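Okay, so here's the structure we're looking at.
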Amino acid sequence: MLGRFKVMPAIARGDWRTRVLHLAQLCIGAVALLGFLAFTLKWPLLLLGFASVMGLLAVGVALYAVVALFAQRTLVEEEFAQGDTIFKQGEPGQHVYVVKSGSVEVVHMKPGGQHEVLKVLGPGDHFGEMALLGKAPRNATIRAVAPTRVFKMSSGNFAALYTTLPGVREQFTKVMESRLEELRRSESAS
Amino acid sequence: MGFVGAAEAASTAPGGEVVRWGSAVDWAIALTAGISAIILVLIVVSLVMFRGRQTEGSALWVHLLSLGVLPLVLLGVGQFATLEYATEVVFCGSCHLTMKAYVDDLRNPKSASLASLHAQNRMGPGTECYSCHANYGVHGTITAKLTGLRHVYKYNTGSYHLPLKMPEPFENTLCLKCHNGAKRFMAQDIHLENGKVSDELRTNKTECISCHGPAHDIPAVKKAASGGRG
């Protein structure tokens, strides 16, 4: 498999952001449910309940802000169902991904409209770095071929890793050269 | 049931009828229910379609709306709707066991009570209870809301006593906030002292209600069957 990325498990400390997101949903959902019932049924007790817990809206928004902030600044775990497209060829690249579980296929769309599956990536494999390193649009589409969980890292964090850890830089450079070669072969074959 | 507010209250007062939906409180109530429903739908969509995702593609917008923008709007609109709806007679009247007799009197076109006369003359349509029982400005509003909270608690725990009694004498200033300066009021010398409202009235030495009562004309209150203590 291409480029096993050994650093990631050390940084990934579980998916706490999803739990925080669910907590925000619980806070805001409970208030919204009370609000809906209070103003459709017009029961004083429901109105009182709604007024009493309205502060949870602010708590929920604050929790979501934490999730959104850390999603931009750190490693985020995301989940895709079979068949989901993680990103499309031609889109601008903003993140690097590492497969935690499941598998994804790398699909290259050729100029004639045909598409070719270049590779299937599994746990430990990474993708998405070429657009960041080459400052170019995505050169392939990535699609989940099974229920898949990935770690997503922002371009800023990737740049920090890439520039400060020579081993990581060497690894990514090798993989990028190898993948560029595959792309060239795919395009010349068509 | 439904999204009705001030217009509904006006419709049930004697001679009142729904002229037009669209007051600020009508909108606030409709928006609160609507935004709450949208938030709930978006949260369900997120749990079903974007489970485990936080900022990827459409999940970003669904979460930004349902957990960021709409809750902040709901916070403002919901507060306004709750505070404004709580000033309406329909809200006071929703505590049927204790308030029904008062609201019935208010809406009785044959009653000669002060409350009913005010309602018949469309003074504070839809918010007659609040208009007379809340004092001036922010301080009066806050006191009225806190008292209202206590009433809801007592009603729902059955810890009230019948017949209801005013915790303290009704202050003339509550009448004077509207009547002071009114042509008919100022035309009565008995109200005045040196061309201004007399000290007797200002200081509650003479209560307005002593000449202009009764405030409410209600039948003898029977002991409520559901826990209210008489």
Side-chain angles (χ1 to χ4, degrees), chain A residues 15 17-18 20-22 24-45 47-52 54-65 67-68 70-72 76-81 84-87 91 95 97 147-150 152 154, chain B residues 1-5 8 28-44 46-47 49-57 59-60 63-64 66-79 81-83 85-86 90-92 94-95 145 148-149 151-153 155-156:
Chain A
D15 189 19
R17 289 167 205 87
T18 302
V20 174
L21 187 84
H22 286 163
Q25 286 174 329
L26 184 69
C27 290
I28 292 171
V31 181
L33 184 63
L34 262 178
F36 180 75
L37 293 175
F39 282 103
T40 46
L41 300 176
K42 305 275 183 68
W43 290 352
L45 209 55
L47 280 165
L48 183 63
F50 176 60
S52 307
M54 218 182 280
L56 282 179
L57 286 173
V59 174
V61 171
L63 288 172
Y64 173 66
V67 172
F70 278 89
Q72 292 304 312
V76 176
E77 188 175 329
E78 294 192 343
E79 189 179 316
F80 295 90
D84 280 358
T85 298
I86 298 173
F87 59 70
E91 287 178 351
H95 297 95
Y97 299 81
T148 300
R149 297 182 77 88
V150 297
K152 188 174 86 170
S154 67
Chain B
M1 304 302 169
F3 304 141
V4 285
E8 180 192 61
I29 289 171
L31 279 173
T32 301
I35 291 171
S36 298
I38 292 171
I39 288 175
L40 287 171
V41 168
L42 288 177
I43 287 177
V44 171
S46 165
L47 290 174
M49 293 178 63
F50 303 116
R51 196 170 185 85
R53 292 191 227 169
Q54 294 135 10
T55 56
E56 184 67 30
L60 171 70
H63 291 152
L64 198 62
S66 65
L67 305 176
V69 177
L70 291 179
L72 289 177
V73 176
L74 182 63
L75 196 59
V77 175
Q79 289 277 8
T82 308
L83 292 177
Y85 180 66
V90 283
F91 177 76
C92 304
S94 55
C95 291
K145 300 299 175 195
L149 282 179
H151 290 170
V152 172
Y153 170 78
Y155 181 79
N156 285 285

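Below, each value reflects all heavy atoms present in this structure, side chains not excepted, and no hydrogens, waters or symmetry copies. Within every chain, numbering begins at 1; the chains are lettered A, B, ... in the order of the sequence lines, protein sequences first and strands thereafter. Model, not experiment: these values are computed from the prediction.
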So which atom in A/Leu57 and which in B/Pro71 form the shortest heavy-atom distance, rounded to 0.1 Å?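 Closest approach of A/Leu57 to B/Pro71, heavy atoms only: CD1-O, 3.7 Å.
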
Query - Taking every non-hydrogen atom, the tightest pair across B/Leu40 and A/Ala32 - result: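 Closest approach of B/Leu40 to A/Ala32: CG-CB, 4.0 Å.
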
Return the set of residues passing side chain to side chain contact (heavy atoms under 4.5 Å, CB included) with B/Leu64 (not counting sequence neighbours), or none when no residue passes.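 With neighbours one apart ignored, the set is A/Tyr64, B/Trp61.
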
Which residues pass the side chain to side chain contact (heavy atoms under 4.5 Å, CB included) test with A/Leu37, sequence neighbours left out?
->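 Testing A/Leu37 for side chain to side chain contact (heavy atoms under 4.5 Å, CB included), a comparison that skips the adjacent residues, returns A/Leu33, A/Leu41, A/Leu46.
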
Between CD1 of A/Ile28 and CG of B/Leu75, what distance do you get to the nearest 0.5 Å?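 So the CD1 of A/Ile28 and the CG of B/Leu75 are separated by 10.0 Å.
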
Nearest 0.5 angstrom please: A/Phe50 CZ to B/Ser36 OG, how far?
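A/Phe50 CZ to B/Ser36 OG: 5.5 Å, rounded to 0.5 Å.
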
Is there side-chain contact between [X] and [Y], with heavy atoms separated by less than 4.5 Å?
X        : Y       : result
B/Tyr153 : A/Leu48 : no
A/Leu21  : B/Leu67 : yes
A/Gln25  : B/Leu47 : yes
A/Val61  : B/Leu72 : yes
A/Lys42  : B/Phe91 : no
B/Thr32  : A/Phe36 : no
A/Val67  : B/His63 : no
A/Met54  : B/Thr82 : yes

### Query
For B/Ile39, is it the side chain, the backbone, both, or neither that has a heavy atom closer than 4.5 Å to a heavy atom of chain A?
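Looking at B/Ile39, just its side chain touches chain A.
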
- Against chain A, label B/Ala81 side chain, backbone, both or neither, depending on which of its atoms sit under 4.5 Å from a heavy atom there.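 Contact with chain A is through both the backbone and side chain of B/Ala81.
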
